[in-house]
Amino acid sequence: SQQGEEDPQALSIQEGENATMNCSYKTSINNLQWYRQNSGRGLVHLILIRSNEREKHSGRLRVTLDTSKKSSSLLITASRAADTASYFCATAGNNRLAFGKGNQVVVIP
Amino acid sequence: DAGVIQSPRHEVTEMGQEVTLRCKPISGHNSLFWYRQTMMRGLELLIYFNNNVPIDDSGMPEDRFSAKMPNASFSTLKIQPSEPRDSAVYFCASTHPDRVPYNEQFFGPGTRLTVL
């Protein structure tokens with residue numbers, strides 16, 4: 001399956017702490033993307049990491065990609081209450097973008 | 001830019017009725033995607049268009065579902081007849097043409113469909 005799968009499924013942390021989510025996949029990819037979805041809204045693209053990249057940063061986000069293990073991680077540093085959302089990884093390959101089922105992250109003020 | 005526009009935002013209908021969902025992609029984006037999101041199955045790609053032509057409709061669940069893109073600024077997803085198991089949030093997304101379908105996608109707010 002091309003589809004990414006996130007782990008853990010749900011995460012509850014205190015404001016200011018770091019949140020880490022993992023994503024695993026099964027086949028080769030062109031790139032891997034992370035999206036955020038706030039309740040009742042559409043998905044918003046956060047960051048894209050290409051298959052030849054190992055790490056990428058964007059603001060408080062840090063993404064890693066290990067193609068040998070077919071896994072990626074998303075780290076949100078210094079979390080804020082506004083980071084409360086579901087986070088999805090999406091694997092780009094096989095002519096489509098395939099989404100995982102998402103991670104629910106709750107940041108407690 | 002207004003982003004991807006979807007209408008209606010909410011639709012409640014009775015089993016057997018026809019449902020039409022509408023999407024206006026971001027101007028300049030000529031690739032458009034329809035997704036369905038449920039708790040059980042997550043986010044599923046139904047169909048995507050490139051330059052108004054359907055490229056991959058393998059995710060369309062059955063013949064009751066059809067999608068059209070008559071021009072670069074408008075697409076519809078139709079369910080006829082609708083069934084309770086079609087209840088879900090339907091998202092439309094668009095992206096610019098370079099390296100489709102691997103670019104970042106821009107999602108609309110979704111249409112929450114409830115079939116009674």
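Here is how names work: the chains are called A, B, and so on, in the same order as the sequence lines, proteins then strands, and each is numbered from 1.
- Atoms CD and CG, on B/Glu104 and A/Leu97 in that order, are 10.5 Å from each other to the nearest 0.5 Å.
- In this structure, CD on A/Gln37 lies 7.5 Å from CG on B/Leu43, to the nearest 0.5 angstrom.
- Side-chain heavy atoms closer than 4.5 Å link hydrophobic residues (I, L, V, M, F, W, Y) into clusters, and following such links, even through other members, never connects B/Phe74 to B/Trp34.
- In the displayed structure, A/Arg60 atom CZ is contacted under 6.0 Å by more than 12 heavy atoms of other residues, nucleotides or ligands.
- Cluster membership check: A/Tyr35 does not share its hydrophobic cluster with A/Val106, using side-chain heavy-atom separations under 4.5 Å among Ile, Leu, Val, Met, Phe, Trp and Tyr.
- When the shell of 6.0 Å around NZ of A/Lys56 is examined, it contains more than 12 heavy atoms from other residues, nucleotides or ligands.
- Only the side chain of B/Tyr35 comes within contact range of chain A, judged by heavy atoms closer than 4.5 Å.
- Comparing B/Val89, B/Ile55, B/Asp56 by how many heavy-atom pairs each has under 4.5 Å with chain A, the most go to B/Asp56.
- A/Ile13 and A/Tyr87 fall within the same hydrophobic cluster, defined by Ile, Leu, Val, Met, Phe, Trp and Tyr side-chain heavy atoms under 4.5 Å apart, directly or through other members.
- No other option in B/Gln37, B/Arg9, B/Met39 has as many heavy-atom pairs under 4.5 Å with chain A as B/Gln37.
- Annotation: the span from A/His45 atom NE2 to B/Thr95 atom OG1 amounts to 9.0 Å, rounded to 0.5 Å.
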